[in-house]
Undergrad: 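One structure, as structure tokens, below. Some questions next.
Counting starts at 1 for both ligands and their atoms, in listed order.
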Amino acid sequence: MLPLQNRFLKFLGQTSEEPALLDIVRAEGVRLYDRSGNSYIDLISGVSVSSTGHSNREVTEAVKSQVDSYMHLMVYGEFVQAPQVEYAEKLLSLLPPPFGSIFFVNSGSEAVEGALKLARKETGRKGIVSFENGYHGSTYGALSVQGSDHYSKSFGPLLPAVKRGIFNHFDALDLITEEVSSVIVEPIQAEAGVVEPHPQFLESLRERCNETGTILIFDECQTGLGRTGKGFAFEHYGVVPDIIVLAKALGGGMPLGAFVSSPRMMKSLSVNPPLGHITTFGGHPVCCAAGLASLNYSLRNDLAANASDISQLIRARLDHPAIKEIRGRGLLLAIELASCEMASKVVKMAPRFGIVVDLFLFRENSIRVAPPLTINMQEAEEACSRLLELIEAAAGKRD
Ligand code: PMP
């Protein structure tokens, strides 16, 4: 039989010609272990997913317990499923008014689709405003609001009436008119290479949306649930959107997405006509049980505060002439290097130094540092030492 790696390349649809090809057999806390017994500190968290650490006992116990009770029963929205209800109630207890209703789906992309549809139904308008270098997923609606044509240009026609503003440029406010149903924005742009909003930018979007009756959607797929040092990134800026999109860490390592709005707005999906969004597996009970256990763990251990503390340590320790800038909040960090070539070299060489890091979709000279929020001081010190050795080696190497 062919080696597993060859069968992976032969039998599975690929996303690029250069997959990382790590063959992980076990993961625990912040560490990944491969088939040959090598261990790696995970500085990616499966792209902002594994916030409460790999194989978190409370999460795995919740999964096992739910699997023993029931798995799929019925499409979303028909039967009363306690894990969904309990998780929704807990999440809503963390959100201010007007939030009061959660629609669970399968992924970030599906949550974006739901949010865009909800805003259209609410306003009866066609237009959408999104931002340069924003990322919202890979389905058609999500692709239509993607902040770059690079990955979408082969798939047109996309949704019409989408206009793209430049993040942090106040000219974008002029695009928000009475024809626009929604503005979709990441409060901190993640795949842009972790770009924070300028003071007043989100506030101005809020004001302009209020003036025009446009729905403001914050995509918090990467920034939500403690990663940036607060429960949700919007809390840093004091700007409350109309719809929040969540995914990534929401399922505690299981696939789960959600869009959240006021109960009044959400109701429009169930009337005139009903079945405004249908999803077979959305809010899968095992995923909701895992997500709730993960959120409870995160709150009890104040992982958001840990994210802020460790962030400071990482920023202080990562001092190297090849590092041009460190951007971000909490444990959503971008380390900017001298060039795209250097960043790509660092990512490729990282496993040899016992760490995994990643690039960003739209900022190729920067590397992502986003470990599980459970990372402690010692692990962070170790990760920084390895990262500095790696950067030193990459800076001195031609290829
Ligand atoms: N929004 C943001 C901000 C994301 O980062 C992502 C995924 N990287 C998505 C939406 C799409 O999520 P998914 O891959 O689960 O569809």
Undergrad: Considering only heavy atoms of Gly108, which atoms of ligand 1 have at least one such atom less than 4.0 Å away?
TA: 11 (C), 12 (O), 13 (P), 15 (O), 16 (O)
Undergrad: Will you find, in the side chains of Gln189 and Glu132, an N or O donor that is under 3.5 Å from an N or O acceptor?
TA: no
Undergrad: Return each pair, listed once, that meets side chain to side chain donor-acceptor pair (under 3.5 Å) where at least one residue sits in residues 229-258; pairs must be two or more places apart or across chains.
TA: Glu196-Tyr237, Arg206-Asp242, Thr228-His236, His236-Arg329
Undergrad: Can you pull out the closest protein heavy atom to atom 4 (C) of ligand 1? Residue, atom name and distance to 0.1 Å, please.
TA: Tyr135 CD2, 3.7 Å
Undergrad: List every atom of ligand 1 that sits less than 4.0 Å from any heavy atom of Ser107, numbering the atoms from 1 in the order shown and giving each element.
TA: 15 (O), 16 (O)
Undergrad: For atom 1 (N) of ligand 1, what is the nearest protein heavy atom, given as residue, atom name and distance?
TA: Asp219 OD2, 2.7 Å
Undergrad: Quick one: do Arg386 and Glu389 make a salt bridge, cutoff under 4.0 Å?
TA: no
Undergrad: Any nitrogen or oxygen of Gln222, side chain or backbone, less than 3.5 Å from one on ligand 1?
TA: yes
Undergrad: Looking at Tyr33, I'd like to know if the NZ or CZ of Arg26 sits under 6.0 Å from its six-membered ring centre while staying within 45 degrees of the ring's axis.
TA: yes
Undergrad: List in chain and number order the residues that pass side-chain hydrogen bond (donor to acceptor under 3.5 Å, both in side chains) with Ser268, two or more places apart in sequence or in another chain; answer none if no residue qualifies.
TA: none
Undergrad: Which residue and non-hydrogen atom of the protein lie closest to atom 7 (C) of ligand 1, and at what distance in Å?
TA: Lys248 NZ, 3.0 Å
Undergrad: Within a strict 4.5 Å, meaning less than it, do heavy atoms of the Phe353 and Ser385 side chains meet?
TA: no
Undergrad: Of all the heavy atoms in Glu191, does at least one lie under 4.0 Å from an atom in ligand 1?
TA: no
Undergrad: Which is it for Ser109 and ligand 1 at heavy atoms under 4.0 Å: side chain, backbone, both or neither?
TA: both
